[in-house]
Amino acid sequence: MYGICNNASVFYSKAMEIIKSVKELKAKVSALRNDSKTVGLVPTMGALHAGHASLVARSVEENDATVVSVFVNPTQFNDKSDLEHYPRTLDADCKLLSGIGADYVFAPSVEEVYPEADTRSFSYPPTDTVMEGAFRPGHFNGVCQIVSKLFMFVEPDRAYFGEKDFQQIAVIQAMLADYVSRGEEWAMRLQICPCPIVREDDGLALSSRNALLTSAERGIAPNIYKALHESVEYSKTHTVEETKQMVVAQINSVDGLTVQYYDIVNAATLESVSNWGDAEHIQGCITVFCGATPIRLIDNINYK
């Protein structure tokens, strides 16, 4: 059997199935459960790259079956232009996933996922109200809407997320803890598996948005990680505030890059820290506008 995605002329080398409906997805997963198989879930919005591939490869290694969702979720975009321009490459995504060993690709329509408006509200302050939460109102509520739906559709044993979206992982963990507190059986079984950032040779964090960069923009984008990387050594002899200022000034000095925010936070709570001794683990989280369009790029670095 060969997976066929969109175009009947596109064939893949692995027996990977493309699923469009929630009903069929649940039936496939139920059959796996009846056979005592473990299931891994990798939620994505498509336009897949080596970073996504690393998540899928880990899931394939750690589970009997792997489900990868490819769905550009409209409820997490507070900018309609951003939603419209988000890259969509389903055929290429399916070919990549087949080669890695994914078993199922869930690629539904918006109407399939949201047959009616999702009015659920999720709130986990300060995790979802700082940084991305402050600059993108409603973003994390949309993330929680879609991820919770995927969790309930698949009821996976493990779910895999890239650490490039550091804050997103924290929000999803808070959401999962909420469902556990309500006694949801699927939530009590589920393990969230954060996976390391995958970078290009020049340090740029892999992102689907990188495909939107012009060659000139791609040339300057690595300066984001360069500043973050250099700030780790700098931080050893400077205060938190001085380190913040160093990163922002260095990036803003590059023509075509503008920092939207940079914060250094308690990695567990995402609250800002004032001193390096304020938390056991400290993370620097940044968002930068790149180019004239501009393209919004995120990254983060661990200080301790």
Side-chain angles (χ1 to χ4, degrees), residues 22 25-26 29 32-33 38-45 52 54-56 58-59 62-63 66-69 71 73 75-78 106 113-114 118-197 263-273 278-285 287 298 300 302-304:
V22 172
L25 177 64
K26 288 184 173 181
V29 173
L32 291 168
R33 293 273 172 237
T38 57
V39 179
L41 170 67
V42 183
T44 84
M45 292 206 299
H52 296 108
S54 70
L55 308 184
V56 178
R58 181 173 166 188
S59 178
E62 295 179 348
N63 302 280
T66 291
V67 177
V68 181
S69 64
F71 177 69
N73 175 44
T75 70
Q76 70 190 68
F77 287 83
N78 59 335
F106 179 51
V113 175
Y114 298 106
D118 191 339
T119 58
R120 293 176 300 158
S121 180
F122 298 82
S123 179
Y124 306 107
T127 309
D128 62 343
T129 57
V130 298
M131 297 186 294
E132 291 293 283
F135 284 91
R136 302 179 68 188
H139 169 68
F140 284 124
N141 195 68
V143 168
C144 288
Q145 286 177 343
I146 184 58
V147 173
S148 63
K149 278 178 173 283
L150 292 170
F151 284 172
M152 287 184 273
F153 294 162
V154 179
E155 299 191 7
D157 297 276
R158 301 176 184 89
Y160 299 83
F161 298 89
E163 290 181 340
K164 181 177 71 68
D165 297 295
F166 189 84
Q167 185 174 5
Q168 175 176 276
I169 293 175
V171 172
I172 290 169
Q173 288 173 326
M175 181 188 74
L176 181 61
D178 184 18
Y179 277 106
V180 169
S181 72
R182 301 184 215 171
E184 293 286 352
E185 188 175 336
W186 62 265
M188 291 186 278
R189 183 179 64 245
L190 176 56
Q191 177 186 355
I192 302 297
C193 302
C195 300
I197 297 172
D263 203 1
I264 296 177
V265 302
N266 180 323
T269 66
L270 302 190
E271 294 174 294
S272 298
V273 298
D278 286 351
E280 182 179 0
H281 299 292
I282 292 178
Q283 204 79 8
C285 300
T287 290
I298 66 172
N300 61 83
N302 179 255
Y303 286 104
K304 70 172 203 173

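Any value given below was found using the heavy atoms of this structure, including those in side chains, with hydrogens, waters and symmetry copies removed.
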| Is there a side-chain contact between E62 and T38, using heavy atoms and a 4.5 Å cut-off? | no

| field | Pairs where residues 140-150 contributes a residue and the test salt bridge (Lys or Arg N to Asp or Glu O under 4.0 Å) is met, not counting sequence neighbours | value | none

| request: List the atom of P156, the atom of L190, and the distance in Å for their closest heavy-atom pair. | output: O-CD1, 3.5 Å

| said: Show the nearest heavy-atom pair for residues R189 and R33, with the distance to one decimal. | reply: NH2-NH2, 3.5 Å

| said: Would you say that F106 contacts V22 through its side chain, given a criterion of any heavy-atom pair below 4.5 Å between the two side chains? | reply: yes

| Rounded to the nearest 0.5 Å, what separation is found between the OG atom of S123 and the CE atom of M175? | 13.5 Å

| remark: dist Q168:CD -> E163:CD (nearest 0.5 Å) comes out at 12.5 Å

| query | For K164, does its backbone N or O pair with a side-chain atom of N300 as donor and acceptor, under 3.5 Å? | reply | yes

| query | Do S69 side-chain atoms and F71 backbone N/O form a donor-acceptor pair below 3.5 Å? | reply | no

| Does the side-chain contact (heavy atoms from CB on, under 4.5 Å) test come out yes or no for D263 and V130, once each step is laid out? | CA-CA 9 Å; D263 203 1; V130 298; 5.8 Å; no

| request: Start with the C-alpha gap between L41 and L150, add the side-chain angles, then the distance that decides, and say whether side-chain contact (heavy atoms from CB on, under 4.5 Å) holds. | output: CA-CA 9 Å; L41 170 67; L150 292 170; 4.1 Å; yes

| task | Taking the side chain as every heavy atom from C-beta outward, state whether N141 and C144 have any pair of such atoms under 4.5 Å apart. | result | no

| said: What I'd like to find out is whether the side chain of V171 reaches to under 4.5 Å of the side chain of E132, using heavy atoms alone. | reply: no

| request: Could you pull out the closest heavy-atom pair between D178 and Y124, with the gap in Å? | output: OD2-OH, 2.9 Å

| query | Is the backbone N or O of Q145 less than 3.5 Å from a side-chain atom of R120, with the two atoms forming a donor-acceptor pair by type? | reply | yes

| said: Under a 3.5 Å distance rule, please check whether N63 uses its side chain to pair with a backbone N or O of D157 as donor and acceptor. | reply: no

| request: Describe, in one word, how the ring planes of F161 and F151 are oriented to each other, choosing from parallel (under 30°), tilted (30 to 60°) and perpendicular (over 60°). | output: perpendicular

| request: Determine, stepwise, if the pair H139 / V143 fulfils side-chain contact (heavy atoms from CB on, under 4.5 Å). | output: CA-CA 6 Å; H139 169 68; V143 168; 3.7 Å; yes

| K304 (side chain) donor-acceptor with A279 (main chain) under 3.5 angstrom | yes

| said: To the closest 0.5 Å, what do you measure between CE (M131) and CZ (F166)? | reply: 8.0 Å

| message | Contact between I264 and I282 at the side-chain level, heavy atoms closer than 4.5 Å - yes or no? | response | yes

| field | Step-by-step side-chain contact (heavy atoms from CB on, under 4.5 Å) determination, Y114 to N73 | value | CA-CA 10 Å; Y114 298 106; N73 175 44; 2.6 Å; yes

| query | Has the side chain of R58 got a donor or acceptor atom that lies under 3.5 Å from a matching backbone atom of C193? | reply | no

| task | Heavy atoms only: give me the nearest T66-S59 pair and the separation to one decimal. | result | OG1-OG, 2.8 Å

| query | Taking the six-membered ring for Trp, are F122 and Y179 parallel (under 30°), tilted (30 to 60°) or perpendicular (over 60°)? | reply | tilted

| query | If you take all heavy atoms of V56 and V68, which pair is closest and at what distance? | reply | CG2-CG2, 3.8 Å

| query | Where do I192 and L176 come nearest, in terms of heavy atoms and distance? | reply | CG1-CD2, 3.6 Å

| query | Given side chains that start at C-beta, do those of I298 and Q167 come closer than 4.5 Å, heavy atoms only? | reply | no

